[in-house]
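Beneath this line is the structure, given in structure tokens, with notes to follow.
First listed ligand is number 1; within each ligand, the first listed atom is number 1. Here the structure is a predicted model, which means the values were calculated and not measured. Numbers for residues simply follow the sequence, beginning at 1.
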Amino acid sequence: MTNPLGLEGFQHVYSGKVRDLYAPLGPDGAPVPDRLMLVASDRISAYDWVLDTPIPDKGAVLTRLSLWWFDQLADLVPNHVVSTDVPAAVAGRAVIVRRLEMLKLEAIARAYLTGGGLEEYRAKGSVCGVPLPEGLEDGSRLPEPVFTPTTKAPVGEHDLPMSPAEVEELVGADVAAEVSRLTRAILARGNEIAAERGILIADTKVEFGRAADGSGGLVLGDEVLTPDSSRFWPAAAWQPGRSQPSYDKQFVRDWLTSPESGWSRSSGEAPPPLPERVVEQTRAKYVEAYELLTGETF
Ligand SMILES: Nc1ncnc(-c2cnn(Cc3cccc(F)c3)c2)c1Cl
């Protein structure tokens with residue numbers, strides 16, 4: 001794939017649904033060994049589709065939010081952030097990071113039960129081998145965050161739940177315990193801060209790596225506590241026993257499932273472009289979440 005953004009001095013490494021990864025090139029034209037650039041696009045995904053219509057400033061808002069969280073969490077865990085000195089084409093929505101050897105697992109913690117975790121609970125009364133109290137419903141708050149890791153499935157396949165034993169087999173008992181402790185602590189800290197500001201973070205996915213030279217401990221990579229890596233719910237609308245509205249994606253979901261869109265999920269067809277008002281409403285929710293959480297003006 002050629003360099004989609006035409007970023008001089010960077011080699012395109014990988015494109016996710018809504019983010020892209022680049023390797024900075026050194027003066028000799030070879031990739032700088034221990035650096036990467038993470039670029040957040042304005043793309044939005046819904047119902048497992050990447051929509052045609054971008055949400056202006058989404059990439060910039062989520063990048064600034066993630067950087068703010070890394071700072072809030074710096075006493076808990078070191079992170080991979082190096083600088084925001086990036087090319088003009090991606091200014092404000094890209095970060096230069098230390099290249100890590102990423103653990104091959106999605107470190108997920110849940111403070112509220114929903115989605116895949118709820119399905120597993122309904123089937124087994126537990127999630128990822130952790131027994132939970134009886135009588136929990138969709139959206140129930142858990143007594144404390146639960147670590148529910150999954151595999152990092154290849155593109156197009158589904159991530160699979162991992163038992164504690166499988167995590168230990170993959171990374172060893174000590175690292176497994178540390179990943180669990182840190183992931184739960186990150187979500188707990190996130191909810192301490194967010195709940196005061198009207199946002200519930202139901203669950204979150206973080207990624208850890210180790211420095212390439214093997215020195216030091218775990219480093220928090222990727223993005224942290226954004227509405228793309230986590231479920232954000234408006235606290236005022238929280239009502240266990242039903243599906244909770246999404247803080248940021250509800251306008252998109254409601255329009256796509258309304259008769260006005262002319263689309264149906266079961267059709268297997270790509271969703272139609274979003275109307276301007278839905279784009280604007282969604283942009284406003286990202287800006288609102290950022291400003292509520294950080295106290296800063298976007
Ligand atoms: N510091 C790091 N060192 C090595 N690898 C990574 C890494 C690889 N993949 N991802 C997920 C991802 C982040 C952004 C854009 C994408 F397309 C994919 C993160 C990181 Cl963050």
Salt bridge or not between [X] and [Y]? Use side-chain N to carboxylate O under 4.0 Å.
X      : Y      : result
Arg43  : Asp20  : yes
Lys285 : Asp248 : no
Asp222 : Lys205 : yes

- line: Output for ligand 1, non-hydrogen cut-off under 4.0 Å, lists Tyr14, Ser15, Gly16, Arg19, Asp20, Leu21, Leu36, Leu38, His80, Val97, Arg98, Arg99, Leu100, Met102, Asp222
task: Determine, stepwise, if the pair Thr226 / Asp228 fulfils side chain to side chain donor-acceptor pair (under 3.5 Å).
output: CA-CA 5 Å; Thr226 71; Asp228 275 353; 5.4 Å; no
field: Contact list for residues 95-131, test ring pair (Phe, Tyr, Trp, His ring centres under 6.0 Å), sequence neighbours left out
entry: Tyr112-Trp233, Tyr112-Trp238
Asp213 atom CG: more than 12 heavy-atom contacts under 6.0 Å: yes
